[in-house]
Amino acid sequence: MEFQTEARQLLDLMIHSVYSNKDIVLRELISNSSDALDKLRIESLQNEPLRGLWSDPAIRIEFSTEARTISISDNGIGMNRQEIVANIGTIARSGTREFLTMLKSKSEGGQPLNADLIGQFGVGFYSTFMIADRVTILTRRAGEPEAWQWESTGDGTYTIEEASRAANGTTVTLHLKPSDHEDAIHDYADEWTIRRIVKKYSDFVSYPIRLRTEKPATDDDKNDAGGGILTDHGTVIRDEVLNSMKALWTRPTSEIQPAEYNEFYKHIGHDWSDPLRAIHFRAEGTFEYFALLFIPPRAGMDLFSREGSHGLSLYVKRIFIMDDAKDLLPSYLRFVKGVVDSEDLPLNISREILQQNRQIQLMRKRITKKVLETLAELRDSDPEKYAAFWKEFGSALKEGIYQDEENREQLLGLGLFDTTEGDAKSTLKEYVEKMKEGQEGIWYITGENLGVLRNSPHLEAFRDRGHQVLLLSDPIDEIWTGMVTEFQGKKFQSITRGDIDLGSKEEKTEHEKERKEKTEEFGPLLGAIKERLQEDVKEVRIGNRLRSSAACLVADDNDMTPQMEKIMRAMGQEPPRSKRILEVNPDHPVLGKLLAMQSNNVSDPQLEDYIDLLYGQAILAEGGDLPDPAHMSRLIAQLMVQA
Ligand code: ADP
C-alpha cells in the first residue's frame, strides 16, 4: 500500500534529514508504547472483557548485535488493520502542509533540520527511518484475535499481512542502517547505548522498561542466576528494569535539578528544546494535588487550530487518567504543558464530570494564577526571554483579555505592544508612566500592518504633541479593544474615533473658534464633498488630527472599524454597512486649491474627480481597500498627464 502523500513527504524528509540527534528515535518508540499501555488501562476500566488483559504492563527492549536489530515491545492496546493504516500510513493532523513546507525550506541548503518541529508534530514513529532501513510492526489489538505485520523500507510504500502474536500489544523492530559516525548513527544495537538513552530520556516513564541481555554466565551465575535464565550454551539471559519510574512531580522541589525538569518537559512535551520556565507546586489542604507545568519555548503548529489540543494531563494518585485536560486551564493558556496529579479524585473520573466538578474549578483558578504569576515574574526578571515568549504566545494570551474578566487587569499587564516611540514593545504600565500631563486615556490605533500604522495620518497630531500611541496590528487586537474599556483606571481610546483635540482647555476654546471660521470659509466645498461622497461617508468636517495630510477617515464611537468588518467577512458574516466621517485639513494646500477651483466655477467637472482622489487618498493612507481601484488609477493617470 502507499503512504498518503503528506506522510510520504515527511518520511522523505526524515530519511534525508541531517539532524544529528538520532537518539530520540528510541524515546519516541518508548513514549508510543507508554501511551499504548495508558490506553489499554483506560479501556480495560470501561470495557469488562478487556479487564483480564491488564496485567504486568511493561515495555521491553531486545537487541541483536549480530543481526543489527533492536525491538521495542509493549503489552498495550495494539492496533487492528484499520488502525495501522489510519495511524501509521497517514498523518491526520491539520496544518500538515504548512508544516512540510516549513520543514522543506529549513532542510534545504544543508541546514540541520530543526527537530523540535518534528516533535511538535507528533510524527515520532517516522523518525525510526533515520536510523533504520527497514521497520516492522507486529501488533494485535486488545480484544481481537488477529495480529498484523506491517513493514516498510520508508520508500513510500508498505505491506500489511496477517500474522500471529500470542497476546495483545505491539512490537516495533528496527533493522538498523550501518553505523556511521559522520551521519551520527551510533550503534543502537548496543547495550550501553540503549541504557544511556533510556536513562536520559525515559526515566520517568511510569511503566518498567526492561532490557533483555544475554551474557556469558559467570561461575556465580552457574550457582545462582538470581532471576536470570541459564541457557544450554552457557549464557545467562536477564531482564533488567532501566528506568526509575519515579514521578518527578511528587519529589520536593529542593531535590530536583534543573536538568531533570528539562528532560521531563522534553518527554511530556515531545520537544527537543528546554522549556522557558518550569512551575512546580503542591497544593495542600482538603484537596491535595501536585502540579508540574512548563512554559514551552515555542508555539506548536496547532496553537490556533480548532482541533489543537491542550497541554495538561490529569493523573490521579500517580496514575495517568487523561491528556488534553481542557478543564484544568482556560483555553488561552492551552500552550502550557504539564501534569496535574490529584490525591482525591476518583480514578474513573470522566471528562463530563470534570467539567462540573467544583474542586476542578478551584484547581483551575489556582493553576491559572500560578501561570500568570510566573509569566509576570519572567517579564520582570528576563525581558528578553519574555519578549520571545510573547512573540510565540502573545496572541493566545490576548484571548484571555476578553475571556477572563477575573484576571483581565493582570493579562493586560502581561501584554507587550508596539508603540509610536521606538521599535521595542512596551507594557501598558510603561505606557501609563509616560502619559502626558492632561492625557486621560490610553491612545491606540488598530490595523493590519505595523508599517502602515506607523505612517498613518491619524497619528500626526499625536506625534506633534508627543503623545505615545499603541500600534495594534494583531487581528485579535481588534477584538479585545472592542470589549475591554480600561487599564489601571485609564480608558482605552482609539485615535480613529470621535472628535479629538489634544490641546489645553484654552487651546481647545481657541481651536473651536478657528474651526467655526474655517467651516464657514470652506462651507460650500465641504457641502460639495459631502454630496459627491454621500454613498461612502456620513459627514465631512474640519478636524484637529491632521498636520501634513489633507484628509483622513474617522469613526463615531460606536461604529465598526473597517478591520472588524473584514474579520466578520472572514468569518462568513456580512457586517452592517457603516459610513465613516471624512476629516479634512483646511491648512493643506489641496483644500485651498479645491476651494479656489470651486469659487471660480461651481460646476467645474474636475472638482468631482479631485474629491474622489481626496477620498481615495484617505483610504490608501490607512491601508484600506479602494472601492474602485480602476477608477482611482485612471484619475491618477489623468492628473499626471495634466501635470
Ligand atoms: P504520535 O505518537 O505523536 O501520535 P506517531 O507517529 O509516533 O505519532 O504514532 C502514530 C500513531 O500510531 C499513534 O498515535 C498511535 O495511534 C499509533 N501507535 C504508534 N505506536 C503504537 C504502539 N506501540 N501501540 C499502539 N499504537 C501505536
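First listed ligand is number 1; within each ligand, the first listed atom is number 1.
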I'd like to check which ligand 1 atoms, numbered from 1 as shown, lie under 4.0 Å from a non-hydrogen atom of I88. 12 (O)

Just say parallel, tilted or perpendicular for the rings of F125 and F129, cut-offs at 30° and 60°. perpendicular

Close-contact set for ligand 1 against F125 heavy atoms, below 4.0 Å: 5 (P), 6 (O), 7 (O)

Examine D74 against ligand 1 and note whether any of their N/O atoms are separated by less than 3.5 Å. yes

Fit a plane to each ring of F264 and W249, take the angle between them on a 0 to 90° scale, and name the class: parallel (under 30°), tilted (30 to 60°) or perpendicular (over 60°). tilted

Could you tell me whether some N/O pair between Y126 and ligand 1 is separated by less than 3.5 angstrom? no

Which atom names give the shortest non-hydrogen contact between D327 and R351, and what distance separates them? OD2-O, 4.0 Å

By number and element, which atoms of ligand 1 are closer than 4.0 Å to a non-hydrogen atom of A36? 22 (C), 24 (N), 25 (C)

With heavy atoms of T170 as the reference, note each atom of ligand 1 found under 4.0 Å away. 22 (C), 23 (N), 24 (N), 25 (C)

Please confirm whether M79 comes under 4.0 Å of ligand 1, counting heavy atoms of the residue only. yes

Less than 6.0 angstrom separating the ring centers of F389 and Y386, yes or no? yes

Quick one: is the NZ or CZ of K398 closer than 6.0 Å to the six-membered ring centre of Y332, and within 45° of its axis? no

Return the orientation label for the F3 and W150 ring planes: parallel under 30°, perpendicular over 60°, tilted otherwise. perpendicular

